[in-house]
Engineer: 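The structure follows.
Only this structure's heavy atoms are used, side chains among them; waters, hydrogens and symmetry mates stay out. Letters A, B, ... are given to chains in the order of the sequence lines, protein chains preceding strands, and every chain is numbered from 1.
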Amino acid sequence: MLIRTHTCGQLRESDVGKSVRLNGWVNSYRDHGNLIFIDLRDRYGLTQVVFDKESGLSAGAMDAADKLRNEDVIACEGMVRVRVGGENPKLATGKIEIVVDKLEVLAKTDNPPFLPDDLSKLPNEELRLTHRYIDLRRPSMQRILSTRHKVYQTTRRYFDENGFLEVETPILYKSTPEGAREFLVPNRHVPGSFYALPQSPQLFKQILMVAGCDRYMQICRCFRDEDPRADRQAEFTQIDLEMSFVRREQVMEAMEGFVRRLWKEIAGHDVPPMRRMSYREAMEDYGIDRPDTRYDLKTRDISAFAGKMDFAIFKNALEKGKDRPAFNSRKGVVKALRVPGGAEKLTRKITDGYTEFVKTFGAGGVAVVKVVKGEDGQPRLDTGIAKFLEPLKGEFLALLGCEVGDTVLFVADVYSVATKAIGELRQRVARDMGMVPRSGAEGGPWNFLWVVDFPMFERNKDTGKWVAMHHPFTSPNDDQMQAFLDANEEDEVTIEGIVSAGYDVVLNGQEIAGGSVRIHDRAVQSKVFKLLGMTPDQAKEKFSFLLEALAYGAPPHAGVAFGLDRLVMNFVGTDNIRDVIAFPKTQTGADLMTRAPSPVPEGQLRDVHIKSIAPPA
RNA sequence: GGGGCGGUAGCUCAAUUGGUUAGAGUACCGGACUGUCGAUCCGGUGGUUGCGGGUUCGAGUCCCGUCCGCCUCGCCA
């Protein structure tokens, strides 16, 4: 074989006169009969190679060149020369060409289902996934693989420099039925027993702290058997960390340092110090725990004002959970979103669609008010609820600081529903108004912020029981510790107000990392389990190994996990998580290339003591 | 589990209100061509309209079911 001396992205004018060998795929061919041009491709680039009958090329080689087609794999040898037909400015190697004197066809291809070409329209994602090896040949996919590689390398370098120890944790793990549904793996030795694939290495990394590792990191695969989304995959990758002898501030500092390093090295961007926002502020002003602050739209609780309106829909909403404390999920509220300049851009057709939109989040609908210029030159309210709003017009305009040209949208429901609906609506409106800037990868802003002070507990809306908002090992924040230990478990208002030492990193409205200070004190842990309705025996049954470990000298510790796939998505500017995973799965968990999952022979099932009850295919 | 969109030649798409032989570009095959660069020109092959039923004189088009993919709610940190 003619082993390559250079790659297809390497040769320049300074190489003219050299005899070289190239290997690669035929990216395109231009056949002029006695003169054939091939653009040869590898992951480094394209180089034009020329087959010229008059340049001493054997007839056999010319015939072989004549038969070359896209995606054939070849090796060739020839001389680098300045292009006879003039430069091609589109190529890095565009000033030179190789005039071939030896050709070796390494592999002929069947007619490929599609060409790995970034210029033409992409085929179905289904087809791309089925023939992933062709899709990945596309330069843009190669760039993504390369960016992902750089993220791995920068990550390892940063944490290594900062004293972190990389430790692998098991993939075959104990089922801990909290949180997401797990993938199960049957065990051959103990009939009827199963491993689970880890949702995250959470408990292992805490145990590593007890084990004295002090600082741990791992780039690890996590598994959650839940329905995927555009930015979610059942099998995904985390950058997982844990630190000993720290409180919240030290972890946040380490994380911010990592973010700064990563963005500097991957995107060439200097991340300024990140602002902090409380969970409550995020929910109040943005209706979501990962606010996108790239555009200036805020939601507002106007319950007090709405209560003065003689409007049945608002009144009925406000009646709900009337006696509950503020921010209680079941307390009725009216939320408003003032959209500057919305009166013109948000047409009737668009705002009509908002009602359908908020219904998907359980809200009843959206009330719309346009502030327009009246005949008297004063603001006039153009709205279906004029009858109820008109008497309070002055107060309304002043309350929201409305100006002519604004649109105000209202959602009334219990706190949890209204807040979510108006928060989602806010993002929808921002898109409709054209307020969402380009992505960071496309030169737009990188808007980082911390969200902190999450509640420790929230009520499950079906069972009414307390559940841990983050996970049951999350510590109350230091300033809340005594209040938590003193709190009466029956005292709903106090319990609801306890804030954890959790922290999330939010980038452009996306959660890219989250973590918390862990509980290392047994009294605190017991109280958490008790609140979650777990008896000591039940807690022991589920988490005995962790509780035992914590009993043998556990240092205070805290940690965090970054969603690596989402980091890469940001760097390459895609909103499709499958683009940043070499071999992703579909929405039903299928790998279209390998055709996993698949049935297995009966005997294999017997070995692991499994009998399928699925109807025969 | 629910809602929405889609599936027509290898690929990207078209096909009027349900109407005659389902078209185009590209790829592929054959031919021509010595300076192209998404080569060009001439000719050709290529279809279970995802699959199964139904309505109809007639179905790519309408109805029912089903499979697959995507988006999304629930779910998921």
Side-chain angles (χ1 to χ4, degrees), chain A residues 27-39 46-55 57 62 66-67 69-71 83-91 93-94 97 99 109-131 134 178-182 199-200 202 222-234 236 238 289-290 356-363 420-421 424 451 454 461-462 467-471 474 502-506 510-516 560-563 566 575-576 578 585-588 590 592 617:
Chain A
N27 192 66
S28 64
Y29 62 93
R30 296 175 288 280
D31 185 347
H32 293 233
N34 290 322
L35 179 71
I36 298 171
F37 300 96
I38 301 280
D39 287 343
L46 289 175
T47 300
Q48 172 165 287
V49 300
V50 186
F51 299 85
D52 187 340
K53 212 169 185 178
E54 309 263 297
S55 299
L57 190 67
M62 202 62 198
D66 183 58
K67 291 197 178 66
R69 292 297 178 266
N70 293 333
E71 302 311 307
R83 284 194 181 210
V84 175
E87 178 184 356
N88 180 354
K90 289 180 197 164
L91 299 183
T93 60
E97 64 189 9
V99 57
T109 176
D110 286 349
N111 187 20
F114 62 98
L115 294 177
D117 169 9
D118 283 323
L119 299 170
S120 3
K121 197 172 172 189
L122 285 178
N124 263 332
E125 196 170 6
E126 207 173 337
L127 194 75
R128 290 172 50 204
L129 293 175
T130 306
H131 304 278
I134 297 176
E178 295 284 312
R181 188 183 300 120
E182 298 171 318
Q199 298 172 36
S200 81
Q202 180 62 36
C222 303
F223 306 87
R224 291 176 190 160
D225 188 8
E226 301 289 350
D227 289 351
R229 287 285 188 280
D231 62 350
R232 244 162 54 186
Q233 184 85 174
F236 64 100
Q238 280 188 350
D289 62 359
R290 44 183 167 85
E356 280 311 306
F357 180 71
V358 298
K359 276 182 181 166
T360 64
F361 305 102
K420 165 121 189 171
E424 296 290 340
V451 177
F454 293 85
K461 56 180 169 296
D462 299 324
V467 292
M469 194 161 192
H470 188 58
H471 56 59
T474 302
Y503 30 79
D504 281 359
V505 180
V506 174
Q510 226 187 2
E511 182 196 328
I512 58 165
S516 62
V560 65
F562 285 82
R566 286 190 185 166
D575 49 18
N576 179 352
R578 294 177 299 278
K585 294 183 175 61
T586 69
Q587 221 159 49
T588 53
L592 297 178

Engineer: Taking only residues two or more places apart in sequence or in another chain, which ones pass salt bridge (charged side-chain N to carboxylate O under 4.0 Å, His left out) with R290(A)?
Structural biologist: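 R290(A) satisfies salt bridge (charged side-chain N to carboxylate O under 4.0 Å, His left out) with no residue once adjacent residues are dropped.
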
Engineer: Given that both distances must come in under 3.5 Å, which nucleotide forms a Watson-Crick or G-U wobble pair with A15(B)?
Structural biologist: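 Paired with no nucleotide.
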
Engineer: Of all residues at least two apart in sequence or in a different chain, which pass the salt bridge (charged side-chain N to carboxylate O under 4.0 Å, His left out) check with K359(A)?
Structural biologist: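 Salt bridge (charged side-chain N to carboxylate O under 4.0 Å, His left out) check on K359(A) returns E356(A).
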
Engineer: Is there a donor-acceptor contact under 3.5 Å from the side chain of Q233(A) to the main chain of K585(A)?
Structural biologist: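 It does hold such a pair.
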
Engineer: Please find the pair of heavy atoms, one from I38(A) and one from Y29(A), that lie closest to each other, and give the distance.
Structural biologist: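 So the two residues come closest at CD1-CB, 3.6 Å.
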
Engineer: Taking atom P in both C42(B) and A24(B), what distance in whole Å separates the two?
Structural biologist: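 Those two atoms are separated by 14 Å.
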
Engineer: Counting only Watson-Crick or G-U wobble pairs whose two distances fall under 3.5 Å, which nucleotide matches G6(B)?
Structural biologist: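 WC or wobble partner is C68(B).
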
Engineer: State whether the number of non-hydrogen atoms from other residues, nucleotides or ligands found under 6.0 Å of D575(A) atom CG is greater than 12.
Structural biologist: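 For D575(A), atom CG is not crowded (no more than 12 foreign heavy atoms under 6.0 Å).
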
Engineer: Base, sugar-phosphate, or nothing: which does N111(A) touch, judged by heavy atoms less than 4.0 Å apart?
Structural biologist: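 If one applies the 4.0 Å heavy-atom cut-off, N111(A) turns out to touch the sugar-phosphate alone, with no base involved.
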
Engineer: Mapping L35(A) and P123(A) to their closest nucleotides on RNA chain B, which lands nearer the 5' end?
Structural biologist: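 The residue mapped nearer the 5' terminus is P123(A).
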
Engineer: If the cut-off is 4.0 Å, is R69(A) near the phosphate of C29(B), judged by side-chain N/O to OP1 or OP2?
Structural biologist: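 True: R69(A) side-chain N/O within range (under 4.0 Å) of C29(B) OP1/OP2.
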
Engineer: F114(A) and side chain to side chain contact (heavy atoms under 4.5 Å, CB included): which partner among L122(A), N124(A), L127(A)?
Structural biologist: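 For F114(A), the side chain to side chain contact (heavy atoms under 4.5 Å, CB included) test succeeds with only one of L122(A), N124(A), L127(A), which is L127(A).
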
Engineer: What's the CG-P distance between D118(A) and C11(B), to the nearest Å?
Structural biologist: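 Distance, rounded to whole Å: 19 Å.
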
Engineer: What does U21(B) pair with, Watson-Crick or G-U, if both distances are under 3.5 Å?
Structural biologist: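 Across any shown strand, U21(B) pairs with none.
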
Engineer: Can you list everything that forms a ring pair (Phe, Tyr, Trp, His ring centres under 6.0 Å) with F361(A)? Sequence neighbours excluded, please.
Structural biologist: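 Scan of F361(A) (ring pair (Phe, Tyr, Trp, His ring centres under 6.0 Å), adjacent residues dropped) gives F357(A).
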
Engineer: Does the side chain of E71(A) reach to within under 4.5 Å of the side chain of I134(A), using non-hydrogen atoms?
Structural biologist: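 No, their side chains stay 4.5 Å or more apart.
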
Engineer: Between D52(A) and K67(A), name the one whose nearest nucleotide on RNA chain B is closer to the 5' end.
Structural biologist: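 Its nearest nucleotide lies further toward 5', so the answer is K67(A).
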
Engineer: If stacking means aromatic ring centre less than 5.5 angstrom from the base's six-membered ring centre, planes under 30°, is F114(A) stacked on C11(B)?
Structural biologist: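 Not stacked by the 5.5 Å and 30° rule.
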
Engineer: Assign L127(A) to base, sugar-phosphate, or nothing according to its heavy-atom contacts below 4.0 angstrom with the strands shown.
Structural biologist: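 Since only primed, P, OP1 and OP2 atoms lie under 4.0 Å of L127(A), the category is sugar-phosphate.
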
Engineer: With both distances under 3.5 Å as the test, what is the Watson-Crick or G-U wobble partner of C76(B)?
Structural biologist: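 Here C76(B) is not engaged in any pair, so there is no nucleotide opposite it.
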
Engineer: Partner lookup for U56(B), please. Criteria are Watson-Crick or G-U wobble with both distances under 3.5 angstrom; report none if nothing qualifies.
Structural biologist: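 Across all strands, not a single nucleotide pairs with U56(B).
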
Engineer: For G30(B), which nucleotide is its Watson-Crick or G-U wobble mate, given both distances must be under 3.5 Å?
Structural biologist: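 By the stated definition (distances under 3.5 Å), C42(B) pairs with G30(B).
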
Engineer: Need one value for E97(A): base, sugar-phosphate or nothing, where a base atom within 4.0 Å counts as base even if backbone is also close, heavy atoms only.
Structural biologist: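 Base contact.
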
Engineer: For H131(A), which residues count as a ring pair (Phe, Tyr, Trp, His ring centres under 6.0 Å) partner, sequence neighbours excluded?
Structural biologist: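 H131(A) satisfies ring pair (Phe, Tyr, Trp, His ring centres under 6.0 Å) with Y133(A) once adjacent residues are dropped.
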
Engineer: With the threshold set at 4.0 Å, does a side-chain nitrogen-carboxylate oxygen contact exist between D227(A) and R232(A)?
Structural biologist: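 R232(A) and D227(A): not salt-bridged.
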
Engineer: Using a 4.0 Å cut-off on protein heavy atoms (strictly under), produce a 5'-to-3' string for nucleotides 69-76 of chain B with B for base contact, S for backbone-only sugar-phosphate contact, and - for none.
Structural biologist: SBBBBBBB

Engineer: Nearest-Å distance, CZ (F236(A)) to C1' (A77(B))?
Structural biologist: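 One finds 8 Å between C1' of A77(B) and CZ of F236(A), rounded.
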
Engineer: Scan nucleotides 37-42 of chain B nucleotide by nucleotide, 5' to 3', and note B when protein non-hydrogen atoms come under 4.0 Å of the base, S if they reach only the sugar-phosphate, - if neither.
Structural biologist: BSB---

